[in-house]
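Notes to accompany the following structure.
What you see is a predicted model, and the numbers here were worked out from it, not measured in a lab.
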Amino acid sequence: MQLRLPKVSGLKHRSDLHLARKFFHVSGAFMILTPYLYFGCSRQMMAAALGTLLAVAMSVEYSRARWEWFNSIAIRVMGPVMRDTEVNQLTGIPFYMASCLFAFLIFPHHVTVLSIMYLAFGDPSSSFFGVLYGKNKIFPNKSLQGTLGGFIVCAVVTLIYLVTQNIDPGKILVLSLLGGFAGSVAELLPLNIDDNFAIPVVSGALMALALWCAQVPL
């Protein structure tokens with residue numbers, strides 16, 4: 001979807017730290033997981049809500065492409081969390097919503113939660129460490145330091161979650177390391193897909209396999 005380019009300034013680049021975008025990334029996952037984990041919303045209810053939000057997001061993206069005045073307003077509203085490259089193309093929001101919807105429709109309970117948590121924490125942490133310390137490039141936009149940072153954060157997130165789920169303690173450490181691997185590899189792979197969609201799908205598939213092999217109820 002190609003958007004007309006309005007005159008804008010002050011938007012962040014991919015190479016910027018962009019803390020507001022990272023906070024938006026994390027808070028979005030909390031808003032999705034909180035009603036599911038703590039307020040009794042069923043998977044069907046979450047899928048319906050995410051499907052509605054995805055439809056709204058795509059309507060906004062279509063309107064941005066159709067009307068330059070609407071695009072200008074959207075950029076002013078979403079500017080703090082947008083990148084300069086998103087002015088004339090889709091933002092990451094529809095991909096974010098689509099991946100979370102996919103997780104609720106396809107993955108079992110634990111994998112759904114973990115895949116969304118990897119999206120919330122793995123992608124921003126990889127970017128954070130990559131921007132600050134990324135000296136050794138693996139791919140043009142991926143660094144060894146960013147990947148290691150994402151690995152550590154995803155492993156810790158997995159550990160914290162599994163400890164709260166009455167999983168066999170003898171399996172938690174190995175599964176946590178595999179969670180770090182799943183989250184960091186999903187972010188690292190040079191797929192021609194937006195990270196907001198690729199990370200939950202790839203990491204969720206890997207963790208589903210890991211939990212199944214470990215005979216952990218999914």
Using every non-hydrogen atom in the two residues, find where [X] and [Y] come nearest and quote the distance to one decimal.
| X | Y | value |
| --- | --- | --- |
| Ala74 | Met82 | O-SD, 4.5 Å |
| Leu33 | Met117 | CD1-CG, 3.7 Å |
| His109 | Leu37 | CE1-CD2, 3.9 Å |
| Cys41 | Met46 | CB-SD, 3.8 Å |
| Asn196 | His25 | OD1-CE1, 2.7 Å |
| Cys154 | Gly122 | SG-CA, 3.5 Å |

Exercise for the section: Mind running side-chain contact (heavy atoms from CB on, under 4.5 Å) on Leu90 and Phe95 for me, showing each step along the way? Expected result: CA-CA 9 Å; Leu90 289 172; Phe95 297 101; 4.0 Å; yes

Distance check, rounded to the nearest 0.5 Å: [X] atom [atom1] versus [Y] atom [atom2]?
| X | Y | atom1 | atom2 | result |
| --- | --- | --- | --- | --- |
| Leu132 | Ser127 | CG | OG | 9.0 Å |
| Phe104 | Ile116 | CZ | CD1 | 4.5 Å |
| Leu114 | Leu162 | CG | CG | 6.0 Å |
| Leu54 | Ile93 | CG | CD1 | 11.5 Å |
| Trp69 | Ser63 | CH2 | OG | 7.5 Å |
| Glu61 | Arg66 | CD | CZ | 16.0 Å |

Practice task
Consider only side-chain N and O atoms of Thr112 and Arg43, and report whether a donor and an acceptor are under 3.5 Å apart.
Solution key: yes

Is [Y] reachable from [X] through a run of hydrophobic residues whose side-chain heavy atoms are each under 4.5 Å from the next?
| X | Y | answer |
| --- | --- | --- |
| Val174 | Met207 | yes |
| Tyr36 | Phe30 | yes |
| Met45 | Val113 | no |
| Leu209 | Ile167 | no |
| Phe70 | Val77 | yes |

Side-chain contact test, heavy atoms from C-beta onward, threshold under 4.5 Å: evaluate it for [X] versus [Y] and give yes or no.
| X | Y | result |
| --- | --- | --- |
| Thr147 | Ser126 | no |
| Val156 | Phe121 | no |
| Val81 | Phe23 | no |

Exercise for the section: Show your working on side-chain contact (heavy atoms from CB on, under 4.5 Å) between Val153 and Phe129 and close with a plain yes or no. Expected result: CA-CA 11 Å; Val153 170; Phe129 289 106; 4.3 Å; yes

Problem - Atom OH of Tyr161 with >12 non-hydrogen neighbours under 6.0 angstrom - result: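 Result for OH/Tyr161: enclosed.
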
Can you check whether [Y]'s main-chain N or O pairs, donor with acceptor, with [X]'s side chain at less than 3.5 Å?
| X | Y | result |
| --- | --- | --- |
| Thr34 | Met31 | no |
| Lys171 | Ala214 | yes |
| Tyr96 | Ala29 | yes |

Practice task
Among Val111, Leu119, Asp123, Asp195, find the residue that satisfies the side chain to side chain contact (heavy atoms under 4.5 Å, CB included) test when tested with Pro200.
Solution key: Leu119

Without placing hydrogens or testing angles, list every side-chain donor-acceptor pair under 3.5 Å for residues 177-188, not counting sequence neighbours.
from	atom 1	to	atom 2	distance (Å)
Ser184	OG	Gly180	O	2.8
Ser184	OG	Phe181	O	3.2
Glu187	OE2	Lys142	NZ	2.9

Exercise for the section: Apply side-chain contact (heavy atoms from CB on, under 4.5 Å) to Val216 and Gln165, showing your working. Expected result: CA-CA 11 Å; Val216 174; Gln165 299 302 308; over 6 Å; no

Exercise for the section: Please say which of Asn88, Thr91, Asn71 ends up in a side chain to side chain donor-acceptor pair (under 3.5 Å) with Arg64. Expected result: Asn71

